[in-house]
Amino acid sequence: MKENIIELKGVSKDYKETRAVNKLDLTISKGEIFGLLGPNGAGKSTTIYMILGLTKPTEGKITVCGLEPMKNQILVKKKVGFLPDDVGFYENMSGLENLVYVGKLNGLSTSNAKERALHLIKQVGLEEAMHKKAGKYSRGMRQRLGLADTLMKEPEVVIMDEPTLGIDPKGINEFLDMIQTLSKEHGITILLSSHQLHQVQKICDRVGIFVRGNLLQEGDIPTLQRALQEENHVKYKVVVDGSLAEFPRKMEEYSNMEMMERDSDSFILTLTKEDDGSLADFITSSGYKLLALEQLTYGLDDIYERYFQGGESIGTA
């Protein structure tokens, strides 16, 4: 049985008359990479601040590593690393000097801090720039240094708030690969907040769709695809040889038919339930030669449009 590292039960946060987070229930297991996915203003950052103990929930209960953040702020800070969208460093100190300084603040001796800093610099790919002043680092380099900074205290949990903002596409892929590798090597639980669906899908074990303070759905991408499929019924792409003009009228006789669309040389059929083989039998028995039959699945863009633009729940989260 997996150990729960982060738990939120009925958590809400109000700012005067605005509810930023609404009755949030969320569980994240040890070693998991969980993506909190939602548009800007969805309440993701507020949720992170509550998990870190930086703001108090209006109602509900939060535990991190078995501790309530507001009651155990120092202990939680020892166990949880935080990588914001823009990390602050001492600009006139080198990358290595910044890490050594952080290590000493966390109780390491100078020699141990330097040893750990050098190890992490190698892991995040900053060996050639470790003696360069942090003020001269590019955006991508700063985030790499920020990740190393977060890992200096050997946290059990790392929380990242939009960590790839402003990084070029190549740098984003490298950064995400690095997060995934470090998580597996160190056994760290990661909560990643982002509004970029493709980035979250690339590395996360599970995704939570967060819109207007509500967790609408959670699971891996196939789970979200199935949820969409159940709501919108099942679609098939069909290519036949025969009288195409008569085909739509003939298919109206098929018992599970709900809707049909013409798409160039094929037809998109929406059925009320998944085909059990009778669709192909019906088509061939109607005098058509079946050239292709493919069940269509919902992709990342469909999920984005449904949840972010629609913003409505399609079931229990």
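All figures in this text were calculated on a predicted structure; none of them were measured in a lab.
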About how many Å separate [atom2] of [Y] and [atom1] of [X], when rounded to the nearest 0.5 Å?
X	Y	atom1	atom2	result
Ser29	Glu3	OG	CD	9.0 Å
Tyr236	Ile268	OH	CD1	12.5 Å
Met260	Lys235	CE	NZ	13.0 Å

Side-chain donor/acceptor of [X] to backbone N/O of [Y], under 3.5 Å:
X	Y	result
Thr181	Met178	no
Arg116	Leu151	yes
Asn98	Tyr90	yes
Asp85	Pro163	no
Thr55	Met50	no
Thr63	Gly66	no
Thr189	Gly31	yes
Arg262	Ser264	yes
Ser285	Asp281	yes
Asp275	Ser278	yes

Is a salt bridge present between [X] and [Y], judged by a nitrogen-to-oxygen distance below 4.0 Å?
X	Y	value
Asp25	Lys9	no
Glu174	Arg144	yes
Glu156	Lys30	no
Arg249	Glu246	yes
Asp177	Lys202	yes
Arg142	Glu91	yes

Hydrophobic clustering (ILVMFWY, side-chain heavy atoms < 4.5 Å, transitive) - are [Y] and [X] grouped together?
X	Y	answer
Leu147	Leu191	no
Val157	Leu182	no
Val80	Ile188	no
Ile48	Leu83	no
Val124	Ile33	yes

List the atom of [X], the atom of [Y], and the distance in Å for their closest heavy-atom pair.
X	Y	result
Ile121	Met130	CD1-CB, 3.6 Å
Tyr101	Met93	CB-CE, 4.0 Å
Val11	Lys61	CG2-O, 3.5 Å
Ser12	Arg19	OG-NH1, 3.4 Å
Asn106	Val102	ND2-O, 2.8 Å
Ile51	Val76	O-CG1, 4.3 Å

Relative to the ring of Phe282, is the ring of Tyr254 parallel (under 30°), tilted (30 to 60°) or perpendicular (over 60°)?
->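 Plane angle between 30° and 60°, so tilted.
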Indicate the ring-plane relationship of Phe247 and Phe267, choosing parallel, tilted or perpendicular according to the 30° and 60° boundaries.
->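 If you compare the ring of Phe247 with that of Phe267, the planes turn out tilted.
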Side-chain H-bond candidate by donor/acceptor type, [X] with [Y], under 3.5 Å:
X	Y	answer
Ser45	Asp161	yes
Gln123	Glu185	yes
Thr270	Glu258	no
Gln199	Thr164	yes

Answer yes or no on whether Lys133 is positioned over the face of Tyr137, meaning its NZ or CZ is under 6.0 Å from the six-membered ring centre and within 45° of the axis.
->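 Checked: cation-pi criterion not met.
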Does NZ belonging to Lys114 count more than 12 external heavy atoms closer than 6.0 Å?
->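 Check fails, neighbour count at 12 or below.
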Can you tell me if CD on Glu115 sees more than 12 non-hydrogen neighbours from other groups inside 6.0 Å?
->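 Count not over threshold, so no.
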Answer whether the closest heavy-atom distance between the side chains of Asp241 and Tyr288 falls below 4.5 Å.
->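 Contact flag for Asp241/Tyr288 side chains = no.
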Is there side-chain contact between Leu52 and Ile159, with heavy atoms separated by less than 4.5 Å?
->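 In short, these two side chains touch, coming nearer than 4.5 Å.
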Begin from the C-alpha positions of Leu269 and Met251 and carry the test side-chain contact (heavy atoms from CB on, under 4.5 Å) through to its verdict.
-> CA-CA 9 Å; Leu269 279 55; Met251 289 306 301; 3.7 Å; yes
Apply side-chain contact (heavy atoms from CB on, under 4.5 Å) to the pair Gln180 and Phe175, showing each step before the final yes or no.
-> CA-CA 9 Å; Gln180 194 170 36; Phe175 187 76; over 6 Å; no
